[in-house]
Amino acid sequence: MNRVLILGGGVGGLVIANELKDKLGDKVNVTLVDRKKVFEFSPSFIWLSFNERKPEQISRELSLLKHKGIDVVNDVVTNIDITNRRVKTEYNEFEYDYLVIALGLDYSYDIIRDFSYAHHNYSIDSAIKMGEAIKDFNGGKVLVGISRLPFKCPVAPYETALLLDSYFRKKGIRDKVDIVFFTPEPYPIPAAGPDYGNMLASMLTQRGIEFRPNTLIKEIRSNEVVLDSFSMQYDMLYCVPPHVAPKTVVDAKLTDDTGFIPVNPRTMETSYENVYAIGDITAVRLPEGSYVPYLPKAGVFAHHQAEVVANNIAYKIKGRGKLKEYDGSGACFIEVKHGEAAFIRARFFTPKPEIEFHKPSRIWHMQKVLFEKYWLRHWF
């Protein structure tokens, strides 16, 4: 029996495990390894940080996958031996015929001194803590920023700033709150180009949110951030943490000078036979003429990449069917106020990125709510 080992139980890992069992059934042994026992639906972390969700509403036990014939192992990957097709974890050792690396990224808080003063919503625990701070906040200066590039979910910090504005207006204290957004980017969501980036920047300024692009954070203090050319005081700070590849992947020499795993953009194959990487951990090169050199990092891309890889592994095992290629497409909702969202769809492998933008409405917000419910029900 062919052995497929999937490292990581996030969006990409879940999709590929499900798809492989659906396509191959008993012809394949699918093992999914994740350090967590629970899958957490990260697109809903932002709602959690505004006290609009509870952790149990956006989480599912990974052990539920066992009824589909997927072997779920709760363990930490410690060594990836490509030469001998072997992966070691703290308590186990696995051999494989096909390996899919979907480990996502780690947060390297030490890159910025005293990052612990900052809030963020890139994990359940941090989102809960942020929700408590927002609930108790009664006025002052709020800084919202991005620490380093790249980072996953490029719209999340912008959504956070807009939702903070909406929340404080609803609470009746917006006139007591000063919100400033800083980022090392030249404009928001650079992969979509300057037109759409400047459109999102205008959404901020129209809400009275000061926008400071091309600004790099160097240090955080208890009530002050030190930036590249000036400092700012704050009463509450939100900052996207620095993102890095897990040490295990770096030690296995799978990354390149980008810090991530280079792959064939169309197939997600690495330079090693039958070894694939999907999702945030990859460096997916975009065509010449794109606004940025690499594909942004977001769960929607991991999802589509997983479908392609599952199809192609199934093709190799069955010897029939048709190989597929990833087309660089993806879409996301942009929460602009409580109960209202915009929607953006993009294809990044065309000579020039094709962007489709839908203006904010309550309908798109409801579509995101339905998507959340569908996703958690369908894949478990």
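Everything numeric in this text was worked out from a predicted model, so none of it was measured. Nothing fancy with the numbering, it's 1 onward along the sequence.
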Check Ala245 against Ile281 and note the closest heavy-atom contact, atom names and distance. CB-CG1, 4.5 Å

Report the distance from atom CZ of Phe349 to atom OG of Ser290, rounding to the nearest 0.5 Å. 9.0 Å

Checking side chain to side chain contact (heavy atoms under 4.5 Å, CB included) between Gln305 and each of Ile16, Val263, Val284, Val15, which is the one that passes? Val284

Would you say the rings of Tyr117 and Tyr234 are close, in the sense that their centroids are separated by under 6.0 Å? no

For atom CD of Glu288, is the number of surrounding heavy atoms from other residues, nucleotides or ligands below 6.0 Å larger than 12? no

In one Ile/Leu/Val/Met/Phe/Trp/Tyr side-chain cluster, 4.5 Å: Phe168, Leu237: yes

Regarding Ser123 and Ser126, do their side chains bring together a donor and an acceptor under 3.5 Å, going by distance alone? yes

Using a cut-off of 6.0 Å, state whether more than 12 heavy atoms not belonging to Tyr91 lie near its atom OH. no

Take a 6.0 Å sphere around CZ of Arg174 and say whether it holds more than 12 heavy atoms from other residues, nucleotides or ligands. yes

Any donor-acceptor N/O pair, Ser49 side chain to Ile46 backbone, under 3.5 Å: yes

ILVMFWY cluster, Phe357 and Ile363 together (side-chain gap under 4.5 Å): no

Parallel, tilted or perpendicular, as decided by the 30° and 60° cut-offs, for the rings of Phe50 and Tyr167: tilted

Looking only at heavy atoms, the pair that brings Val28 and Lys21 closest together is O-NZ, 3.2 Å

Do side-chain atoms of Thr248 reach the backbone of Val77 as a donor and acceptor pair under 3.5 angstrom? yes

Please check if the side chain of Asp327 supplies one atom and the backbone of Ser329 the other of a donor-acceptor pair under 3.5 Å. yes

Does any N or O in the side chain of Ser59 come within less than 3.5 Å of the main-chain N or O of Pro55, such that one atom is a donor and the other an acceptor? yes

Side chain of Thr215, backbone of Pro213: donor and acceptor closer than 3.5 Å? yes

Which atom pair, heavy atoms only, marks the closest approach of Ile146 to Cys239? C-SG, 4.3 Å

So, for Tyr107 and Phe115, is the gap between ring centers shorter than 6.0 Å? no

Residue Lys68 excluded, over 12 heavy atoms near NZ under 6.0 Å: yes

For Lys352, does the NZ atom have more than 12 heavy-atom neighbours from other residues, nucleotides or ligands under 6.0 Å away? no

Heavy-atom count check: over 12 atoms from other residues, nucleotides or ligands less than 6.0 Å from Lys324 NZ? no

Glu372 and Ser44: side-chain donor and acceptor closer than 3.5 Å? yes

How many angstroms lie between atom OH of Tyr291 and atom CG of Asp195, to the nearest 0.5 angstrom? 6.5 Å

Using every non-hydrogen atom in the two residues, find where Leu254 and Pro262 come nearest and quote the distance to one decimal. O-CD, 3.4 Å

Over 60° means perpendicular and under 30° means parallel, so tell me whether Trp364 and Phe333 are parallel, tilted or perpendicular. tilted

Verify the neighbour count for atom NZ of Lys23: are there more than 12 heavy atoms of other residues, nucleotides or ligands below 6.0 Å? yes

Here the gap from Thr89 atom OG1 to Asp75 atom CG, rounded to the nearest 0.5 Å, amounts to 3.0 Å

Listed by chain and number, what are the ring-ring contact (aromatic ring centres under 6.0 Å, His included) partners of Phe45, not counting sequence neighbours? none

Shortest non-hydrogen contact from His243 to Pro150? CB-O, 3.8 Å

Do Lys88 and Glu93 pass the side-chain contact (heavy atoms from CB on, under 4.5 Å) test, and can you show the C-alpha distance, the side-chain angles, and the key distance before you say yes or no? CA-CA 4 Å; Lys88 291 183 179 180; Glu93 186 171 316; 3.4 Å; yes

Pairs meeting criterion ring pair (Phe, Tyr, Trp, His ring centres under 6.0 Å) with involvement of residues 7-44, two or more places apart: Phe39-Trp375, Phe39-Phe380, Phe41-Trp375

State whether the number of non-hydrogen atoms from other residues, nucleotides or ligands found under 6.0 Å of Asp26 atom CG is greater than 12. no

Is it true that a side-chain atom of Asn311 and a backbone atom of Lys322 form a donor plus acceptor pair closer than 3.5 Å? yes

Is there a side-chain contact between Ile70 and Leu62, using heavy atoms and a 4.5 Å cut-off? no

Is it the case that one hydrophobic cluster holds both Tyr315 and Val4, taking links as side-chain heavy atoms less than 4.5 Å apart, direct or via other members? no

Rounded distance (nearest 0.5 Å) linking atom CD1 of Ile220 with atom OG of Ser222: 11.0 Å

Any side-chain heavy atom of Pro242 sitting closer than 4.5 Å to one from Ser147? yes

Is any side-chain heavy atom of Trp379 closer than 4.5 Å to one of Val11? no

Closest heavy-atom pair and its distance - Ile112, Ile217: CD1-CG2, 3.6 Å

Let me confirm one number: the CD-NZ distance from Gln233 to Lys141, rounded to the nearest 0.5 Å. 8.0 Å

Between the CG atom in Leu5 and the CZ atom in Arg85, the distance rounded to the nearest 0.5 Å is 12.0 Å

